[in-house]
Amino acid sequence: MGLVGMILIVLGFGVLSCALADQSPLLWVGGGAGQVNTYRIPLLTSTVNGSLLAFSEGRKKSSADVGAKFIALRRSKDKGATWSPTTFIVDDGSQADGLNLGSVVVDESTGAVILIYAVCFHQYQCNPSSTMMVQSLDDGYTWSSPRNLSVELGVKSFAPGPGFGIQKRYPPKVGRLVVCGHGTIEGDGVFCIVSDDHGKSWKNGAALKSVPYNQPKQPLDFNPDECQPIELNDGSIVINIRNQNNYHCRCRMVVRSWDACESLPVEELVFDKTLIDPVVAAGVLQKHNVMYFTNPSSTQHRVNLTLRWSFTDGKSWENEAVQIWAGPSGYSTMTSLEGNAAEDSKYIYVIYEKGRKDYCETISFAKIHLYGGK
Ligand SMILES: *[C@@H]1O[C@H](CO)[C@@H](O)[C@H](O)[C@H]1NC(C)=O
Ligand SMILES: *[C@@H]1O[C@H](CO)[C@@H](O)[C@H](O)[C@H]1NC(C)=O
Ligand SMILES: *[C@@H]1O[C@H](CO)[C@@H](O)[C@H](O)[C@H]1NC(C)=O
């Protein structure tokens with residue numbers, strides 16, 4: 001619980017000294033006698049009405065990426081203090097290669113919460129892979145039945161996120177929904193899909209393909225994988241990417257799009273050597289001109305979940321960091337509330353895979369105070 005990282009940084013608008021305000025509760029614990037063996041792949045979003053929604057995959061029989069799953073949901077109406085019981089909003093039955101999360105995106109003008117996920121992503125005892133969407137128009141209480149986006153996007157293996165999609169706030173393409181993810185292991189790369197009509201229709205956007213494309217990879221090949229987009233105030237979209245084969249470094253790849261994810265030019269690709277990474281999905285958030293980043297800060301192992309921050313849109317990172325969990329830790333993602341309440345400018349929220357022996361034992365929630373208080 002205690003405060004961590006109390007070094008003060010003087011900022012144009014005040015003082016930032018991120019501290020772990022609250023590390024509770026564990027939102028999901030696997031291994032019980034229930035219907036779920038392992039919970040993995042946490043997603044987190046805030047809604048236009050100020051709720052927090054947490055999602056995960058409830059893997060029924062084992063911790064494997066394939067197999068049958070639920071999409072689990074918990075909701076908080078009080079900024080993470082208490083959470084609704086788990087509901088399963090999608091159930092894929094007993095499929096050999098069921099659903100995989102996923103990317104959640106909120107349309108600010110309609111309030112819709114849109115969740116995009118894959119089924120049969122690995123094409124293990126099934127064919128083809130499909131991109132699916134469900135949405136809630138009532139703050140996450142009720143959900144539509146799944147809609148098959150492959151009908152309009154074409155059939156292809158696409159694993160959205162994991163993390164959140166964005167809605168463009170600044171030109172070009174204000175209002176556009178952008179969801180990015182990755183392809184199959186061989187046909188890997190970062191791919192984005194976009195909607196300019198609040199999720200009614202979707203089309204394929206930019207790609208940053210692996211090399212050699214559609215061919216088996218070797219260690220150190222260029223293989224961009226799971227990714228998280230964010231929008232900067234200049235309207236560009238920055239995508240922070242898992243570097244699957246450790247091309248160039250054991251660190252994150254970052255690419256930038258200037259045209260709302262119509263293109264991801266290779267000239268805009270950089271390798272962020274400060275953001276060392278053990279090949280994992282990481283969290284990125286932009287709030288009030290500060291960029292936040294979470295991952296297990298290690299070149300080798302999924303341990304030491306760490307929060308970093310940047311006042312230069314990710315060009316450099318402050319030396320101070322907050323260790324959220326020293327032990328095994330895996331995928332992470334962040335959100336914040338955008339309301340007018342003074343409190344909403346003080347906190348960001350993190351959800352991540354956390355364990356004592358193994359990172360996939362639980363999914364935990366942490367509230368981070370940005371100015372060092374509780
Ligand atoms: C948000 O809250 C208002 C007021 O309670 C309500 O009318 C509206 O339907 C809510 N919106 C959503 C998306 O739940
Ligand atoms: C989704 O649509 C595609 C294209 O029509 C089809 O091939 C695929 O079987 C559908 N998937 C599901 C799960 O219905
Ligand atoms: C955890 O990560 C931080 C930030 O990279 C680093 O300073 C620290 O040494 C790491 N701790 C361990 C035990 O690896």
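The structure displayed is predicted, hence computed values, not measured ones. Both counts, for ligands and for their atoms, begin at 1 and track the order of listing. Because only heavy atoms are used, hydrogens play no part in the values below, and waters and symmetry mates are left out as well, while side chains stay in.
Shortest non-hydrogen contact noted between Asp225 and Val190 is O-CG2, 3.6 Å.
Between Lys287 and Trp309, the closest side-chain pair of non-hydrogen atoms is not below 4.5 Å.
Among residue pairs with one or both ends in residues 212-235, those qualifying as ring-ring contact (aromatic ring centres under 6.0 Å, His included) are Phe222-Tyr247; sequence neighbours excluded.
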What are the distances between nitrogen or oxygen atoms of ligand 3 and protein nitrogen or oxygen atoms, counting only those under 3.5 Å?
{"residue": "ligand 3", "atom": "2 (O)", "partner": "Asn304", "partner atom": "ND2", "Å": "2.3"}
{"residue": "ligand 3", "atom": "5 (O)", "partner": "Ser297", "partner atom": "OG", "Å": "2.7"}
{"residue": "ligand 3", "atom": "5 (O)", "partner": "Arg308", "partner atom": "NH2", "Å": "3.1"}
{"residue": "ligand 3", "atom": "11 (N)", "partner": "Asn304", "partner atom": "ND2", "Å": "2.9"}
{"residue": "ligand 3", "atom": "14 (O)", "partner": "Asn304", "partner atom": "ND2", "Å": "3.4"}

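Looking at Lys367 and Glu343, a side-chain N of the basic residue comes within less than 4.0 Å of a carboxylate O on the acidic one, giving a salt bridge. A salt bridge between Lys173 and Glu231 is absent, with no side-chain N of the basic residue lying under 4.0 Å from a carboxylate O of the acidic one.
Only the side chain of Pro128 comes within contact range of ligand 2, with a heavy atom under 4.0 Å; no backbone atom does.
Each of the following atoms of ligand 2 lies closer than 4.0 Å to a heavy atom of Val151: 2 (O), 5 (O). Taking every heavy atom of Val155 and a limit of under 4.0 angstrom, the matching atoms of ligand 2 come to 3 (C), 4 (C), 7 (O). Here is the list of ligand 2 atoms found below 4.0 Å of a heavy atom in Asn148: 1 (C), 2 (O), 3 (C), 8 (C), 10 (C), 11 (N), 12 (C), 14 (O). Annotation for ligand 2: atoms under 4.0 Å from non-hydrogen atoms of Ser130 are 1 (C), 8 (C), 10 (C), 11 (N), 12 (C), 13 (C).
With ring centers used as reference points, Phe55 lies under 6.0 Å from Trp143. Ring centroid separation for the pair Tyr347 and His369 comes in under the 6.0 Å cut-off.
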Would you tabulate the side-chain donor-acceptor contacts of residues 155-163 under 3.5 Å, counting partners in other chains and residues two or more places apart, or write 'none'?
{"residue": "Ser157", "atom": "OG", "partner": "Phe121", "partner atom": "O", "Å": "3.3"}
{"residue": "Ser157", "atom": "OG", "partner": "Gln123", "partner atom": "NE2", "Å": "3.2"}

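Ligand 2 has no nitrogen or oxygen under 3.5 angstrom from a nitrogen or oxygen of Ser150.
Tyr124 belongs to a hydrophobic cluster whose remaining members, ordered by chain and number, are Val66; membership requires side-chain heavy atoms of ILVMFWY residues under 4.5 Å apart, directly or through intermediates.
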